[in-house]
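All remarks here apply to the structure that follows.
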Amino acid sequence: MRIKSALAAAAVASVLAVASAQAEGPSAWRVTRGDVRVICPLTVGGSFDARTSAVRGTLTLTTPSPAALAGELAVDLKTLDTGIGLRDEHMREQYLETGKGEGFDTAVLSEIRLPEAGPGFSGRTRFTGTLLLHGTRHPVSGQAEIRREAGGAVRVDASFPVVLADYGIATPRYLGVGVKDEVQVRTSMTASPGGVAAVDR
Amino acid sequence: MRARAALLTLLGAAAVVSPAAAEPIFLARQYARCTTCHYSPTGGGLLTPYGRSLTREELSTMRGKSHGQAGATGPAQGEEGFLFGALGDTLGPVSVGIDLRPGHLDVRFPGGDDKRDLLMNADIAAAYQGHRWTVYGELGRQPFATGTRVDSWEHWLQYQTAGGLGIRAGRFLPAYGIRFADHTAFNRRPLGLDTLDQVYGLELSSSTDRHLLQVMASPGRADSIVHDDGRKAFNASGRFQYDVSPRTVLVASGLYRDKSDLEPSGGSGGLALGFALFRRLTIWTQGDVQFEKGSAGAAYVLVNETSFEAFRGVWLKVSPQWITDFGDTSGGTFRLALEANLLPRTHWNLDLSHYHDRGRSNGIVVKTTLLQLHLYL
């Protein structure tokens, strides 16, 4: 349930990192492939993943050092899949409330900053951003690993925590089993040069 | 004589095949811990309300609508509830379950066969969970070679803190390895984890979202303490589970039993790996080394169980198993177990199992077929 926001944030972080890595090159980057995984720890021990590949967005490098990115990364929360039908239903309808439409059906990461990254950066770095989830904007921060790939593409693996209460998401509980209040978002995405700095919705 | 002993051992194993209710196949659904679906931290036995809900939502081919609006807590209602929800929420926070397993057993061995219809289990279990305490008890009858017996196989009291620390006291099966549903599996019965191998003991545990540690100490097997059968001896066990991911689990276990009036000291240590490549496939593999004081050497156990959901509510399982004799890796038994598990409707489970056991040193083959209807009411 908390998975959506985490996914969006991870996607954003990935894009930002990519843009930073290519600071000397093209200034706009479009996500060509992305996977988001939200790890939800259970109150009874153990955890489950919610996953989606519905990650889209374009980012533009506005400041090369430290890197700042304009644009957004968006994750379609209606596609989050945990492998259990009823759990998916509860996550989307009762906790993420995707049926409420804009601001609820998509998690959006924006205002991405890579304070330790400069032109041509490659490696591991910290990032910050703003995540829109469940109709609420809240700052997030995490770690990103940026790698350059053939053809000018950049691969970004990023992770950050999301506290459900920060976004007004109800504590997930069902028949005595629940999800803890903090989930982890992990994303892996590839961005290629091109596009404009706008969310491709 | 040795061949005869092996044969009798195999027959004895086949005679009371009565799988418990643990379903490690659910790793494929990202359930790496027994306690999501069962009250017992060692798996099996009474289902929690959440576990009952999953039997309807994930295990049954056909499912009716849940008649009740399930909440954050409280009993499972609707057809997945106790007696198919006939009592509604009358029982409040108390969970109750009835386990009935009529079956037909067919055992064939060189020179003969044994066929019988039997009621393998008729148990009632109840649990209360509240204020971090769990009270659990069950009463039932099971057939044994010495006759049918009515007893309480498990009864215990547990307290768990918000931080995941737990303490449990009472009669329960030690936590060790992977608890396959089939109690005759080579990583259960030969290692002393059979239906009558519960201990009276104290268990301490620590659980987080990534690990589970369970340590147990006991003055002896419950039956040895109660019936003074000469096998009473100090027992200790430890089990550490690390969840590499929601679909990949590593388990390390150890079990020690001190010498008793009738048996030398001994024990076992093992490693298990479970993983699910996708939501319909779970693969568990466990390897153990078993030792016994005075034996010429160790015995080895290797068990695999591969479970595949061919269709919703239809699980197919293949389980090759291998066990050696103490100090003789050329001896022992190889088993190939095949199983088809059909779950047409909530709490109805039709199970067909076939075991092909071959003595590695004597070539004796025992074929066992078991058809059982498991009603979990």
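Note that this is a predicted model, so its numbers are computed, not measured.
Summarising the geometry of A:S47 relative to B:P246, their closest heavy-atom pair is O-CB, 3.4 Å, with the distance given to 0.1 Å. Residues A:Y174 and B:Y50 come closest through the heavy atom pair O-CD1, 3.3 Å. When all heavy atoms of A:G45 and B:S207 are compared, the closest pair comes out as CA-OG, 3.8 Å.
Residues A:I84 and B:E58 meet the side-chain proximity criterion, which asks for heavy atoms closer than 4.5 Å.
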side-chain contact (heavy atoms from CB on, under 4.5 Å) assessment of B:Q30 paired with A:R87: CA-CA 12 Å; B:Q30 304 194 68; A:R87 190 161 59 190; 4.1 Å; yes

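Put simply, CG on B:D243 and CD1 on A:I39 are 11.5 Å apart, with the number rounded to the nearest 0.5 Å. Distance CZ/B:R33 to CG/A:L42: 9.0 Å, rounded to 0.5 Å.
Contacts from residues 208-216 of chain B to chain A, taken as heavy-atom pairs separated by less than 4.5 Å, involve B:T208, B:D209 in sequence order.
For a residue to count as touching a neighbouring chain, one of its non-hydrogen atoms must lie under 4.5 Å from one of that chain's; by this rule B:R29 touches chain A with backbone and side chain alike.
By the neighbour-count criterion of 12 heavy atoms within 6.0 Å, atom CZ of B:F311 is sparsely surrounded, having that number or fewer from other residues, nucleotides or ligands.
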